[in-house]
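Chain letters run A, B, ... following the sequence lines, proteins first and then strands; every chain starts at 1. Any value given below was found using the heavy atoms of this structure, including those in side chains, with hydrogens, waters and symmetry copies removed.
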There are 2 protein chains.
Amino acid sequence: MKTTPVAHPPLRGNQPHCQTCSLNALCLPLSLSDSDMERLDDIIRRGRPIQKGQLLFQQGDEFQSVFAVRTGALKTYTLASNGEEQITGFHLASELIGLAGYDAGNYPLTAKALETTTVCEIPIHQLESLTDELPDLRKQLMRTMGTEIRHDQNMMLLLSKKNAEERVASFLIDISNRYQRRGFSSSHFRLPMSRVDISNYLGLAVETISRVFTRFQKNELIDTQGKEVIILDMEKLYEMAGLVSEDECEHK
Amino acid sequence: MKTTPVAHPPLRGNQPHCQTCSLNALCLPLSLSDSDMERLDDIIRRGRPIQKGQLLFQQGDEFQSVFAVRTGALKTYTLASNGEEQITGFHLASELIGLAGYDAGNYPLTAKALETTTVCEIPIHQLESLTDELPDLRKQLMRTMGTEIRHDQNMMLLLSKKNAEERVASFLIDISNRYQRRGFSSSHFRLPMSRVDISNYLGLAVETISRVFTRFQKNELIDTQGKEVIILDMEKLYEMAGLVSEDECEHK
DNA sequence: CGAGCGCTTGAAATTGCTCAATGTTAGTGG
DNA sequence: CCACTAACATTGAGCAATTTCAAGCGCTCG
């Protein structure tokens, strides 16, 4: 078990705040009143950016804080005992990471920056005392964990039932939706992760990812240039993913 | 969206209680004081047993309660939009199910009895008010969700990185450990689920499960007769699973 | 400008799947 | 208690999807 390589740099002045953060409607403060948000804001630490490839925390490190992504993106992965790495999620701005370690005393996974990334650190002890007083915050935390569980169960379905094309289509749709929720284009974006990361996440070989991307491009489903992706036919992509676009089917 | 076929039968007299339940050290009451346990016990409803094949709740049903398995076993599964079913977990006595629906308002999965099963029902509203007052209970719930997340992430690793033999070996070890924790034999047990369920859970074809079981039997790793399983070489099974038996490797 | 990493493409190999047939078990009703 | 049926389980053969191996390209960063 190694010690944390990077972790939590000291504070700097001129900090942003939850109250003015453009992400507060997506992030942990969601559903908090102004005064409650202020109390949450008080315990949040905002450190210097972490660079691409640096670790935010490592599997086995003592569980001390949860983190909200402010800008940038990270991947989280677990290590099998044989050393193999399984990426369990990519995390964009406003998303909370680290909660899975809540009960264990240490992080059950490693978080690595995919690009230069800034995070808000929320020390767990203070968060815990705060949740004692703020039921809304508590619910929000439970909600976040529920979301995580549903995500993982969707991934189980994907990994055990879907073929390569369905996996890639599902992946692109997921990313697209997440960018959209953040106010970015749902059809034109830049993937923060490498092909190798995607292949690992989707349980496929890199070569397969490459081939599916080119096939999608030939079939004019998407246009892609390196990490840049333009979705040309969202409708069809939903079909490929084994899903149905929301437009035409709202009942569940 | 269909209505619930079975759900929550009426109460009966002569109920057992958390205080005297042999599972209370594994179940939700874990870490509660006697008086707190009593308060939890007061809100628990204990219905008549549900029969093999009956549903406890169904994907889409309104989220009203979480359930603890008292005796028997269930499977939970999600339905893909194309109707395919993915089993996300098997649940033995003392295990809590339904929490994943916490934030969504309705259950994100279906729970079906694998055999005659009795459950303790915990209405969510009352549980919520109780958590307001009992921080220990709150923590226990968070812990349970954390455990669920780690389980699912382990499954993601299994589904995306392990071959058929490794999957089956991992599965048998997991079941074995869970029986052991409940005070049963870790080397001789009866699987409550069918081969089809196992294959679905592990992301393999039924035939593959069958073949791996016979191969394991030929290699004298296990002895099996239908759902009855005897583990002959635990050591080797751990190796096959890509794990290391606790005996020989305690670090990490 | 060269090295190296990341990405793409092709051909061969492999693993697990599908299909089909047969065997086995458990539950039902005469 | 036995016969019957339906669901479950096993086994074999051929096949298909994806992986592995190998090679080449192109961008980026020292």
B:E95 and B:R182 ion-paired at < 4.0 Å: yes
A:Q225-A:Q217 side chain donor-acceptor pair, cut-off 3.5 Å: no
Value in whole Å for how far the P atom of C:dT25 lies from CG of B:L191: 16 Å
Rounded distance in Å - CG (B:L114) to P (D:dA7): 17 Å
side-chain contact (heavy atoms from CB on, under 4.5 Å) involving B:S210 - partner list, sequence neighbours excluded: none
A:Q217 CD - C:dT9 C1' separation (whole Å): 14 Å
Rounded distance in Å - CD (B:E228) to P (D:dA9): 13 Å
Between A:Q86 and A:T78, a side-chain donor and acceptor under 3.5 Å: no
A:E165 or B:K218, whichever maps to the more 5' nucleotide of DNA chain D: B:K218
Full working for salt bridge (charged side-chain N to carboxylate O under 4.0 Å, His left out) between B:E165 and B:R215: CA-CA 9 Å; B:E165 297 201 338; B:R215 213 177 307 154; 2.5 Å; yes
Atom-pair distance (CG on A:L204; P on D:dT20), nearest Å: 11 Å
Nearest-nucleotide comparison on DNA chain C, the residue closer to the 5′ end among B:K162 and A:T208: A:T208
Backbone of B:K162 reached by a side-chain donor or acceptor of B:R167 within 3.5 Å: yes
Touch class at under 4.0 angstrom, heavy-atom based, for A:G203 against every strand present: sugar-phosphate
Give every pair of a protein N or O atom and an N or O atom of nucleotides 4-8 of chain C that lie under 3.5 Å apart, one pair per line with the distance.
residue : atom : partner : partner atom : Å
C:dC7   : OP1  : A:R195  : N            : 3.3
C:dC7   : OP1  : A:K227  : NZ           : 3.3
C:dC7   : OP2  : A:R195  : N            : 3.1
C:dT8   : OP1  : A:R195  : NH2          : 3.4
C:dT8   : OP2  : A:R195  : NE           : 3.0
C:dT8   : OP2  : A:S210  : OG           : 2.7
C:dT8   : O5'  : A:S210  : OG           : 2.9

Atom-to-atom span, CG of B:N200 to C1' of D:dC8 - whole angstrom: 15 Å
Under 3.5 Å side-chain donor-acceptor pair for A:N200 and A:E85: no
Distance, rounded to the nearest Å, where B:N163 contributes CG and C:dC17 contributes C1': 15 Å
Side-chain donor or acceptor of A:T116 paired with backbone N/O of A:Q51 under 3.5 Å: no
Distance, rounded to the nearest Å, where B:K161 contributes NZ and D:dT19 contributes P: 10 Å
Contact letters for nucleotides 25-30 of chain D, in which S counts primed atoms plus P, OP1 and OP2 and B counts the base, heavy atoms under 4.0 Å: ------
Residue of the set B:N219, B:I222, B:L221 for which side chain to side chain contact (heavy atoms under 4.5 Å, CB included) holds with B:D233: B:L221
